[in-house]
Amino acid sequence: LAKTTQPISMDSYEGQEVNITCSHNNIATNDYITWYQQFPSQGPRFIIQGYKTKVTNEVASLFIPADRKSSTLSLPRVSLSDTAVYYCLVGDGGGGNKLTFGTGTQLKVEL
Amino acid sequence: GAVVSQHPSWVICKSGTSVKIECRSLDFQATTMFWYRQFPKQSLMLMATSNEGSKATYEQGVEKDKFLINHASLTLSTLTVTSAHPEDSSFYICSAEDPGTLRGKEQFFGPGTRLTVL
């Protein structure tokens with residue numbers, strides 16, 4: 001399973017764009033990149049998933065360079081409620097896909 | 001989206017007793033479910049993979065006789081912490097794959113169960 005490396009923490013202010021980068025140098029050909037958000041005492045919540053280039057949904061964008069050895073989660077105009085831990089995971093997405101959670105990034109958004 | 005529930009949401013028990021935690025997929029069938037444990041300020045740690053109709057696969061270092069997993073149906077997996085001790089106090093989270101979604105590679109997580117062993 002590919003290992004991921006993320007910054008331990010990041011601080012931001014409301015209204016700003018936040019970019020969290022994740023390194024996954026050993027990503028395999030079949031691996032997808034998935035980002036989850038977790039609030040205290042809650043289960044992780046799916047944010048976005050991608051394989052290559054750029055993916056955008058209603059809450060975030062995911063940028064993946066051609067070599068796929070890293071990815072960047074972009075949160076536009078964050079608010080206080082975006083304060084959470086963000087996890088980057090890679091996996092092949094097949095049946096019985098085990099997910100290995102890294103340390104995650106604690107994002108703190110202030111006024 | 002697919003919903004996974006857990007019951008109970010929190011439980012307090014005495015040392016030496018057993019506690020059962022249920023994980024249900026509410027609107028889809030899950031042949032595979034996963035159990036995680038999370039200690040305060042730490043990441044999720046995968047404990048085991050639960051497969052419907054077969055034995056669970058445990059991660060290295062997880063005692064299978066202490067953490068009994070049963071996946072008797074396509075919508076229910078249970079984790080029983082046997083002879084619980086204070087060091088078993090943790091946040092237990094399950095997840096399930098919904099193979100029927102367009103995003104078939106997404107795992108849906110339950111809300112977690114807070115176990116406190118006195």
Side-chain angles (χ1 to χ4, degrees), chain A residues 1-9 22 27-52 55-60 62 64 71 84-108, chain B residues 1-6 9-10 21 23 25 29-52 54 56-60 62 71 90-116:
Chain A
L1 296 170
K3 200 172 180 180
T4 59
T5 303
Q6 306 173 231
I8 295 295
S9 64
C22 177
I27 189 169
T29 303
N30 295 333
D31 285 344
Y32 281 72
I33 301 156
T34 311
W35 285 79
Y36 287 86
Q37 175 193 56
Q38 186 183 28
F39 297 111
S41 295
Q42 294 187 28
R45 184 177 73 101
F46 175 93
I47 301 175
I48 198 167
Q49 184 182 75
Y51 183 80
K52 62 180 180 181
V55 179
T56 298
N57 61 23
E58 60 276 9
V59 297
L62 178 59
I64 306 168
S71 60
V85 178
Y86 293 82
Y87 293 98
C88 158
L89 294 91
V90 296
D92 64 12
N97 179 34
K98 294 200 305 185
L99 296 179
T100 299
F101 282 79
T103 57
T105 298
Q106 171 67 64
L107 173 64
K108 183 178 179 182
Chain B
V3 178
V4 174
S5 71
Q6 284 184 239
S9 56
W10 60 270
I21 302 170
C23 176
S25 55
Q29 293 184 329
T31 54
T32 304
M33 291 184 173
F34 303 89
W35 286 96
Y36 298 83
R37 179 168 54 181
Q38 186 175 34
F39 293 106
K41 303 287 187 185
Q42 294 187 24
S43 184
L44 284 77
M45 185 188 76
L46 179 66
M47 299 175 67
T49 302
S50 172
N51 300 297
E52 187 268 337
S54 64
T57 303
Y58 291 82
E59 294 300 302
Q60 191 172 14
V62 178
H71 195 154
S90 187
F91 193 53
Y92 292 86
I93 308 170
C94 72
S95 71
E97 288 186 336
D98 179 2
T101 61
L102 292 177
R103 296 191 302 233
K105 303 164 182 62
E106 177 181 346
Q107 285 193 22
F108 298 90
F109 286 82
T113 297
R114 174 76 58 192
L115 170 63
T116 302

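Per chain, numbering begins at 1; letters A, B, ... match sequence-line order. The model shown is predicted, which means the values in this text are computed figures rather than measured ones.
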Subject >> Heavy-atom side-chain proximity of Q107(B) to T34(A) below 4.5 angstrom >> reply: no
**OP:** Write down the atom of Q42(A), the atom of I93(B), and the distance for their closest heavy-atom approach.
**Re:** O-CD1, 4.4 Å
**OP:** Measure distances from Q106(A) to the heavy atoms of chain B and classify the residue's part below 4.5 Å as side chain, backbone, both or neither.
**Re:** neither
Original post:
Sub-3.5 Å donor-acceptor pair from the side chain of Y36(B) to the main-chain atoms of G43(A), do we have one?
Top reply: no
Subject >> Which portion of Q38(B) sits near chain A, non-hydrogen atoms under 4.5 angstrom >> reply: side chain
Original post:
Do F101(A) and F109(B) have ring centroids that are under 6.0 Å from one another?
Top reply: yes
Subject >> Minimum-distance pair of heavy atoms, taken over all atoms of S43(B) and Y87(A) >> reply: OG-CE2, 3.3 Å
